Amino acid sequence: NFQLIKAGTNTIACRIAEWDGTTFQRVRETSSGCPGFDTGNAQALIFDTYGQMHAAGSMQTAGSMAACGIAIWDLSACRWSTPASKGISTTLGHMVLDAVLGLDGKVYYGGTFTGVGGSTYNRFAAFDPTASAWTGSFVSLSNDIQNMAIGLDGTIYAAGSANIISSGSDQQIAFNGVDWRGIGQT
């Protein structure tokens, strides 16, 4: 059962739509009102190992609930939730710019944010859908993550607009599950 989901700025579809094989339609939410995002946009869409779609970006609402930059769409229940009810602090332009699904089943988020759920996570955070909790204590990054990809070995690669690690001059870095390093460094 393949579904293509698209996010953008289309306000008729409330900034998110699904492909039915012929055309894009509004997502189906069980509550009334806009089933997508009233304010802000999704920058990244990714499915976790449970088949739930994680939308990440600058949106403040998802359907009828507060999103704070991250929302999870349950395809079977047709409703939004937030990761452990603890979203990204998206004030002052802070937002999630990308997300990847790690080989460990966690969803990794990168962006301009500096906090998640009341804890400090500078520009990189991991959400464990199994435990429904934010996990890990990672090295704080000095600049924003704009794009991420995951390698076949599980390494997470990140690219940004400036030196991402304060101790180096790398705009592209890799995360091995423990720490960050410049690409090509051991």
Side-chain angles (χ1 to χ4, degrees), residues 2-8 15-16 18-19 37 40-59 62 67-75 80-84 86-90 94-117 119-165 168 170-185:
F2 175 78
Q3 289 180 304
L4 173 65
I5 308 288
K6 174 187 176 188
R15 296 180 174 86
I16 189 164
E18 61 183 306
W19 182 253
F37 316 123
N41 295 310
Q43 302 296 320
L45 299 174
I46 189 162
F47 283 87
D48 65 23
T49 56
Y50 295 99
Q52 299 180 110
M53 181 184 63
H54 293 240
S58 62
M59 66 278 192
C68 294
I70 296 176
I72 300 173
W73 178 254
D74 184 327
L75 290 170
W80 290 103
S81 64
T82 59
K86 299 175 181 178
I88 298 287
S89 171
T90 56
H94 298 332
M95 67 177 146
V96 181
L97 297 174
D98 207 355
V100 295
L101 178 63
L103 296 182
D104 57 4
K106 295 175 184 171
V107 179
Y108 292 88
Y109 296 98
T112 66
F113 58 87
T114 56
V116 176
S119 298
T120 300
Y121 287 88
N122 283 329
R123 300 165 184 89
F124 182 73
F127 181 74
D128 183 345
T130 303
S132 191
W134 295 101
T135 64
S137 58
F138 308 114
V139 172
S140 293
L141 301 176
S142 56
N143 285 297
D144 303 339
I145 292 177
Q146 294 179 341
N147 300 98
M148 295 189 305
I150 186 139
L152 294 176
D153 64 353
T155 298
I156 297 172
Y157 295 90
S161 60
N163 304 336
I164 299 174
I165 305 173
D170 298 297
Q171 289 180 278
Q172 296 84 31
I173 58 175
F175 180 72
N176 62 10
V178 178
D179 60 7
W180 290 99
R181 65 184 185 288
I183 292 179
Q185 295 178 359

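What you see is a predicted model; the values in this text were computed from it and never measured.
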> What pair of heavy atoms forms the shortest contact from Gly69 to Val96, and how long is it?
Replying inline: O-CG2, 4.1 Å
> Using the ring of each side chain (for Trp, its six-membered ring), is Tyr108 parallel, tilted or perpendicular to Phe124, with breaks at 30° and 60°?
Replying inline: parallel
>> I'd like to check the side-chain contact (heavy atoms from CB on, under 4.5 Å) partners of Asp98; sequence neighbours left out, ordered by chain and number.
In response: Ala44, Asn147, Met148
> Taking all non-hydrogen atoms of both residues, which atom of Met95 and which atom of Ser58 are closest, and how far apart?
Replying inline: SD-CB, 3.5 Å
> What distance do Ile156 atom CD1 and Ile145 atom CD1 have between them, rounded to the nearest 0.5 Å?
Replying inline: 9.0 Å
>> How long is the straight-line distance from CZ of Arg123 back to OG1 of Thr114, given to the nearest 0.5 Å?
In response: 7.0 Å
>> Using the side-chain contact (heavy atoms from CB on, under 4.5 Å) criterion, which residues pair with Thr49? Sequence neighbours excluded.
In response: Leu101
> Any idea which heavy atoms bring Ala71 and Trp80 closest together, and the distance?
Replying inline: CB-CE3, 3.4 Å
> In chain order, what residues pass the side-chain contact (heavy atoms from CB on, under 4.5 Å) check against Tyr50, with sequence neighbours excluded?
Replying inline: Asp48, Gln52, Pro129, Thr130
> Got a donor-acceptor contact below 3.5 angstrom from the Thr155 side chain to the Phe175 backbone?
Replying inline: no
>> On a heavy-atom basis, which atom in Ala99 and which in Tyr109 lie closest, and how many Å separate them?
In response: CB-CD2, 3.8 Å
> Atom OG of Ser81 and atom CD1 of Ile70: how far apart are they, to the nearest 0.5 Å?
Replying inline: 11.5 Å
>> Please determine whether a side-chain nitrogen of the Lys or Arg among Lys106 and Asp128 lies less than 4.0 Å from a carboxylate oxygen of the Asp or Glu.
In response: no
> Nearest 0.5 Å, what's the CG-CD distance between Leu97 and Gln146?
Replying inline: 6.5 Å
>> Please report whether the ring centroid of Trp73 lies less than 6.0 Å from that of Phe47.
In response: no
> Shortest non-hydrogen contact from Ile150 to Leu103?
Replying inline: CD1-N, 3.9 Å
